[in-house]
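Data block below; observations after.
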Amino acid sequence: MGELASHSERGSSIRLKKARQIQAMRKAFNVVRRRQRANIRRITDLEDRKKRLRQAREKAIGNEALLKQAIENLRQNGIKVYRADSQEEAVSLVISEIDDNRLVVKSKSNLTKEIGLTEALEAVGIEVIETDIGDRIIQLGGDVPSHPTGPASHLTRYDIAKILSAHLGKTVKPTAQAIVELIRDEISAYINKATIGITGANAIAAEDGAILLLHNEGNIIQVAMRPEKHIVLAGIDKIYPGIEEALNMLKLQTFYATGALATSFLNIIAGSSQTADIEKQLIKGVHGPKEICLILVDNHRSDIARSEYKELLYCIGCGQCLLVCPAYIVYGNRFGVDSQLGGRGLVYSVLSLEAPARADDGLELCLSCRKCQQHCPLAIDIPSMVNKLRLEKDTKVLEPHLQTAYDFVRAHIEWVGSAIQLEAVLLIARLLRLSAGD
Ligand code: SF4
Ligand code: SF4
């Protein structure tokens, strides 16, 4: 009996924790949406920019000639370039580039999450320190992210202070300032010690042979400037014809991901640190890495680019579709697989990852409301892809139009039940807090 009671208490506390995380995530999303509304008028050519971005993506995705041009120009700029067909190949290239180093510092990258890089490096005894504040919190808490650019959006400052207190073995004040300062100081010590840094890339400009990195925290340039080596991992879908198109994407990505008009830092890297100031002798590694190594990862992207799901790769990872998705703001990251979140993430998981069962379950939760497509800067038709994948499942036995109608009704019934349960849990928690005089 006692065991049963404690089991049900545990269940309630997990439900409450999850509900609070979703509440915190919604609050963070609302901040972004408010900022977007305040700033949208300041991008006077927004529609034109979206059109240009769509054209650049149409031109680049699945364009083998453009990819070859990018590789050629990057190599001409002194950057070592590899192509990795699979996640295993990408991971083993990173391991061989790290060689006998046992510590690397790393910046936020959805691709490294996709290929499970951190876990794979840790499994061979390499310590990996995430240097993005949100990612470091997720790493310390053993959690999963809730937004591509705001991974810890679902955690309150109280949750984070608890995680950090356990990690540091001392009580951490639950204020944003105190938390950031403590994490920053710890990360800085690791950055100073590491000789190799790993980053993703926001874009690769083919014509210029350049890698573009965008960030607010300032950590990425420090990671990229480690003295020995900068390892960059980028999906082959990150190629843009030239710097102008890449910059246009970055402007839109910033606006849709954060509501801001610009991020604090934009780094364009087109070669390693070097000088020939002394008798024209070329010396590498002056104020930055001696070597830059870029791993272009396919991992099913070429197959997707050749398929009817090609449009999926136009995605710029802004996360706008999550902010507006009614399923995501009720289910949270249950409507996704690991770091592949929302409808887009689920479709991508089914097509490219080895987690189809979990992804298939997630697809069933989509409400077919089309809000993601309406708000996506590229108008990517995620709902049609979800519907198509649902119909392809062996368990679907009805005629397609009947099956679609059935899926629609079932998803809505499930959503209403979950939304009511979520609100009820939050309401009870509030009442309990009030009655305790909190
Ligand atoms: S699908 Fe569209 S809205 Fe969603 S992350 Fe990709 S580009 Fe952004
Ligand atoms: S169609 Fe599905 S994925 Fe898109 S916003 Fe609606 S519920 Fe979310």
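Atoms within each ligand, like the ligands themselves, are counted from 1 in listed order.
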- Look at atom 6 (Fe) of ligand 2 and say which protein heavy atom is nearest, naming residue and atom and giving the distance to 0.1 Å. C369 SG, 2.3 Å

- Message: Check whether Y348 forms a cation-pi arrangement with R344 (NZ or CZ under 6.0 Å from the six-membered ring centre, at most 45° off the ring normal).
- Response: yes

- Do any of the N, O or S atoms of C315 sit under 2.8 Å from atom 6 (Fe) of ligand 1? yes

- Give the numbers and elements of all ligand 1 atoms closer than 4.0 Å to a heavy atom of G319. 5 (S), 8 (Fe)

- Task: Answer yes or no: is there an ion pair linking K388 with E311, defined by an N-O contact shorter than 4.0 Å?
- Result: no

- In ligand 1, the atoms that come under 4.0 Å of a heavy atom of I316 are 6 (Fe), 7 (S)

- Item | Atom pair SG/OH of C366 and Y331 - distance to nearest 0.5 Å | 10.5 Å

- Which atoms of ligand 2 have any heavy atom of G343 under 4.0 Å away? 3 (S)

- Message: Which of the numbered atoms in ligand 1 are under 4.0 angstrom from any heavy atom belonging to C321?
- Response: 1 (S), 3 (S), 4 (Fe), 5 (S)

- Which of the atoms in ligand 2, numbered in the order shown and given with their element, are less than 4.0 Å from a heavy-atom of L367? 2 (Fe), 7 (S)

- Query: Do we see a donor-acceptor contact under 3.5 Å between the side chains of T199 and K106?
  - Reply: no

- May I ask you to identify, for S368, whether its side chain, its backbone, both or neither come under 4.0 Å of ligand 2 on a heavy-atom basis? backbone

- Item | Proximal candidate to atom 4 (Fe) of ligand 2 [heavy atom criterion; set G345, C372, P326] | C372

- Pick one of side chain, backbone, both or neither for how R370 approaches ligand 2, counting any non-hydrogen atom pair under 4.0 Å. backbone

- Query: So is P383 close enough to ligand 2, meaning a heavy atom under 4.0 angstrom away?
  - Reply: yes

